[in-house]
Amino acid sequence: MRKSELRQNYLSKQKALSPQDRGVRSAAISEILFETFDLSQIEYLHLFLPIEKFNEINTRLIVEEVWRTHPHIQILVPRVDFSSDDIKSLSFTPDTNLAKNAWHIDEPTHDEFVDAEIVDMVLVPGLCFDSGGHRVGYGKGFYDRFLKRCRADCKKVGLTYFEPVDKIDDTHDGDVRLDIIISPDRMYRSVPPA
């Protein structure tokens with residue numbers, strides 16, 4: 001199936017989740033993430049803050065657990081630069097003030113930017129993923145451009161409410177494959193194309 005069809009289907013599925021179902025699935029994803037990775041070697045973790053109107057995964061559960069159990073990790077969150085269509089990383093602490101951008105996404109109000117090259121792990125949102133680690137997002141390409149600026153050894157982890165599909169039919173060279181996909185049921189390692 002093509003990205004446009006998958007985007008439409010999975011955005012509808014995501015928006016249809018009840019608050020209770022969203023909470024249960026988000027908690028399961030968080031639990032699997034902490035079971036899967038030894039975060040002791042991670043210094044900089046970039047993650048997205050959820051877009052509430054799209055029912056995105058509640059990553060604040062992950063943030064709170066990192067702050068509680070891995071205080072050495074610097075959490076980074078994105079700010080979208082709409083003039084360049086790029087994501088910039090900003091530090092995020094319990095004292096960070098947030099404001100909503102044009103897409104109603106919470107972003108830090110400060111300008112403490114951090115270079116993408118120092119990021120050790122990125123948690124990437126996705127409406128849908130395939131078994132090869134390709135993703136379907138909202139179609140703007142923000143994360144593909146951001147991930148290309150990260151180091152080759154940066155762990156790229158996709159988070160999704162749903163199980164991966166076998167194959168996204170219209171992937172291209174500009175798509176950045178993710179290493180791991182985490183759903184509420186399990187962790188999947190990407191299978192490189194044959």
Side-chain angles (χ1 to χ4, degrees), residues 3 6-7 29-30 32-50 56-57 59 62-63 65-66 69-93 105 107-108 111-160 162-183 186-194:
K3 289 179 187 176
L6 290 165
R7 182 175 297 117
I29 289 165
S30 177
I32 292 170
L33 174 76
F34 287 102
E35 288 172 356
T36 300
F37 291 103
D38 173 7
L39 298 181
S40 63
Q41 301 303 309
I42 301 295
E43 291 184 49
Y44 292 92
L45 170 64
H46 178 107
L47 56 75
F48 62 97
L49 295 176
E56 283 191 336
I57 292 160
T59 54
I62 296 168
V63 170
E65 183 68 9
V66 167
T69 61
H70 297 85
H72 70 281
I73 295 177
Q74 173 65 62
I75 293 181
L76 309 171
V77 295
R79 178 188 293 167
V80 175
D81 181 342
F82 291 101
S83 65
S84 63
D85 283 346
D86 276 328
I87 287 175
K88 296 183 177 177
S89 290
L90 295 105
S91 65
F92 183 52
T93 72
I105 304 169
E107 296 178 335
D111 291 324
E112 295 171 35
F113 295 108
V114 177
D115 195 302
E117 291 183 2
I118 71 168
V119 176
D120 300 301
M121 177 184 283
V122 182
L123 304 184
V124 183
L127 294 168
C128 171
F129 295 88
D130 71 10
S131 57
H134 297 102
R135 66 184 281 275
V136 174
Y138 298 113
K140 302 293 185 185
F142 292 127
Y143 269 95
D144 289 315
R145 285 188 288 277
F146 174 71
L147 292 170
K148 285 178 183 171
R149 298 198 317 271
C150 295
R151 295 190 321 267
D153 66 340
C154 173
K155 293 176 175 62
K156 301 168 188 72
V157 182
L159 306 184
T160 179
F162 309 106
E163 301 313 298
V165 298
D166 288 337
K167 186 173 186 290
I168 298 168
D169 291 332
D170 56 341
T171 59
H172 55 78
D173 291 343
D175 294 336
V176 176
R177 290 178 59 248
L178 305 181
D179 306 308
I180 300 282
I181 309 300
I182 297 177
S183 78
R186 58 177 284 214
M187 177 274 287
Y188 299 82
R189 292 193 186 279
S190 299
V191 178

| So with a 6.0 Å cut-off around CG of Asp166, is the heavy-atom count from everything else above 12? | no

| request: Please name the pair of heavy atoms, one in Ile32 and one in Arg186, separated by the smallest distance, quoted to 0.1 Å. | output: CD1-N, 3.5 Å

| Sidechain-backbone polar pair: Asp130 side chain, Val165 backbone, donor-acceptor under 3.5 Å | no

| message | Quick check: do Leu90 and Glu112 have side-chain heavy atoms less than 4.5 Å from each other? | response | no

| query | To the nearest 0.5 Å, how far apart are CZ in Arg151 and CD1 in Ile118? | reply | 8.5 Å

| task | Calculate, to the nearest 0.5 Å, the distance between atoms CD1 and CG belonging to Ile182 and Leu33 respectively. | result | 4.5 Å

| request: Kindly compute the distance separating CD (Gln74) from OG (Ser89), expressed to the nearest 0.5 Å. | output: 10.5 Å

| said: So, taking the atom named CE in Met121 and the one named CD in Gln41, what distance separates them when rounded to the nearest 0.5 Å? | reply: 11.5 Å

| task | Mark yes or no for whether Arg7, through its side chain, and Leu127, through its backbone, hold a donor-acceptor pair below 3.5 Å. | result | no

| query | How about Phe146 and Asp86: do any of their side-chain heavy atoms sit closer than 4.5 Å? | reply | no

| request: Provide the closest heavy-atom pair for Phe48 versus Leu123 in the form atom of the first, atom of the second, distance. | output: CD2-O, 3.3 Å

| query | What are the two closest heavy atoms between Ile168 and Val136, and how far apart are they? | reply | CD1-CG2, 3.6 Å

| task | Evaluate the side chain to side chain contact (heavy atoms under 4.5 Å, CB included) criterion for residues Asp81 and Arg79: first the C-alpha distance (whole Å), next the side-chain angles of each, then the deciding distance (0.1 Å), finally the verdict. | result | CA-CA 6 Å; Asp81 181 342; Arg79 178 188 293 167; over 6 Å; no

| field | Intermediate values then yes/no, side chain to side chain contact (heavy atoms under 4.5 Å, CB included), Val80 and Glu107 | value | CA-CA 9 Å; Val80 175; Glu107 296 178 335; 4.1 Å; yes

| field | For Pro164 against Ser131, the heavy-atom pair lying closest together | value | CB-N, 4.2 Å

| request: Could you give me the CA-CA distance, side-chain angles and deciding distance for Leu159 and Ile62, then say whether side chain to side chain contact (heavy atoms under 4.5 Å, CB included) is met? | output: CA-CA 12 Å; Leu159 306 184; Ile62 296 168; 4.0 Å; yes

| query | Do the non-hydrogen side-chain atoms of Met187 and Ile181 ever get within less than 4.5 Å of each other? | reply | no

| Residue pair Pro50 / Ile57: nearest heavy atoms and the distance that separates them | CB-O, 3.2 Å

| request: For Asp175, check side-chain hydrogen bond (donor to acceptor under 3.5 Å, both in side chains) against everything at least two apart and list the hits. | output: Lys3, His172

| request: Quick one: list whatever passes ring pair (Phe, Tyr, Trp, His ring centres under 6.0 Å) with Phe37, sequence neighbours left out. | output: none

| With a 4.5 Å heavy-atom cut-off, do Thr59 and Val77 have their side chains touching? | no

| CG on Asp120 to CD on Glu43, rounded to 0.5 Å | 6.0 Å

| Close side-chain approach of Ile87 to Arg145, heavy-atom, < 4.5 Å | no

| task | State whether the side chain of Arg135 and the backbone N or O of Leu178 hold a donor-acceptor pair below 3.5 Å, judged by distance alone. | result | no

| query | What pair of heavy atoms forms the shortest contact from Leu47 to Pro78, and how long is it? | reply | O-CD, 3.2 Å

| request: Name the orientation class of the two ring planes belonging to Phe34 and His70 (parallel below 30°, tilted from 30 to 60°, perpendicular beyond 60°). | output: parallel

| Rounded distance (nearest 0.5 Å) linking atom OH of Tyr138 with atom OH of Tyr143 | 10.5 Å

